[in-house]
Amino acid sequence: MRTSETNLAHLIDLPVISDPRGDLTFVEGERHVPFRIARVYYLYNVPVDAERGGHAHYELEQVIFALSGSFRITVDDGRGRAAYWLRDPRKGLYIRNMIWREMDSFSQGAVCMVLASHPYDEGDYLRDYKSFMTALKAL
Ligand code: T46
């Protein structure tokens, strides 16, 4: 696993095993990603003009992959923003808790897979930017 760091998020490079039959990439919780994987979900049939995300999580950590196609993720820690283009299925974006994220610019047919540290819990979401900033200040 190789990572490139920023304060807001970092990219994780997964292993790839290539042979004449194609490429194989695998991921193991607590080895390639820094948490036990409790949930996997994926986004597909996303219209190219769709905007997803627009929230943060109190506790949830995630690693986000573009299994096919590409899209942009903008991350925000309340002090600064950074944008990442995901387009390589071997590279995942690790986003810790208390980071606002927005996703857009999906290519036609893009497939986004997300590995998550916890089961789904709507109570873990901050879906309003002002509430996110207030929660950050309370930390
Ligand atoms: C994130 C980005 C990358 C469930 O019932 N179970 C689930 O595991 C998920 C992820 C969602 N849902 C429900 C909650 C909403 O009623 O599915 C509906 C759509 O979810 P949401 O609007 O949160 O979808 P996105 O694409 O904006 O955000 C999702 C994740 O929720 C979020 O954690 O970081 O993908």
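When a ligand or atom number is given, it counts from 1 through the structure's own listing order. Positions are given from 1, in the same order as the sequence printed here.
For Ser117 (side chain) and Glu61 (main-chain N/O), a donor-acceptor pair under 3.5 Å exists by modelled atom type. In this structure, the side chain of Ser70 does not engage the main chain of Leu86 through any donor-acceptor pair within 3.5 Å. Side-chain N or O atoms of Tyr41 include none that pairs as donor or acceptor with a backbone N or O of Ala116 at under 3.5 Å.
From the protein, the heavy atom lying nearest to atom 28 (O) of ligand 1 is His55 CE1, 3.2 Å. From the protein, the heavy atom lying nearest to atom 33 (O) of ligand 1 is His57 NE2, 2.7 Å. Protein heavy atom closest to atom 29 (C) of ligand 1, with residue, atom name and distance, is Tyr41 OH, 3.6 Å. Of the protein's non-hydrogen atoms, the one nearest atom 3 (C) of ligand 1 is Met103 SD, 3.3 Å. Ranking protein heavy atoms by distance to atom 19 (C) of ligand 1, first place goes to Arg52 NH2, 4.2 Å. Considering only non-hydrogen protein atoms, atom 10 (C) of ligand 1 sits nearest to Arg39 NH1, 3.4 Å.
Checked against the 6.0 Å centroid criterion, the rings of Phe26 and His32 qualify as a close aromatic pair.
Considering backbone and side-chain N/O atoms, Ile64 never comes within less than 3.5 Å of an N/O atom of ligand 1. Between Arg127 and ligand 1, at least one N/O pair is under 3.5 Å apart.
Atom OH of Tyr120 has more than 12 neighbouring heavy atoms from other residues, nucleotides or ligands inside a 6.0 Å radius.
Distance screen at 4.0 Å: atom 12 (N) of ligand 1 has a protein heavy-atom neighbour inside the cut-off. Under the 4.0 angstrom criterion, atom 16 (O) of ligand 1 counts as lacking any protein heavy-atom contact. Atom 7 (C) of ligand 1 is approached by the protein to below 4.0 angstrom, counting heavy atoms only.
Residue Tyr58 holds its OH atom at 8.5 Å from CG of Asp124, rounded to the nearest 0.5 Å.
Salt bridge Glu122/Arg127: present, at least one basic N to carboxylate O contact under 4.0 Å.
The aromatic rings of His57 and His55 sit perpendicular to each other, their planes meeting at more than 60°, with 30° as the lower class boundary. A tilted orientation is assigned to the rings of Trp100 and Phe132, their planes being inclined by 30° to 60°.
The option with the heavy atom closest to atom 5 (O) of ligand 1, from among Trp100, Tyr125, Tyr120, is Tyr120.
The distance from ligand 1 to the heavy atoms of Gly53 drops below 4.0 Å at these ligand atoms: 25 (P), 27 (O).
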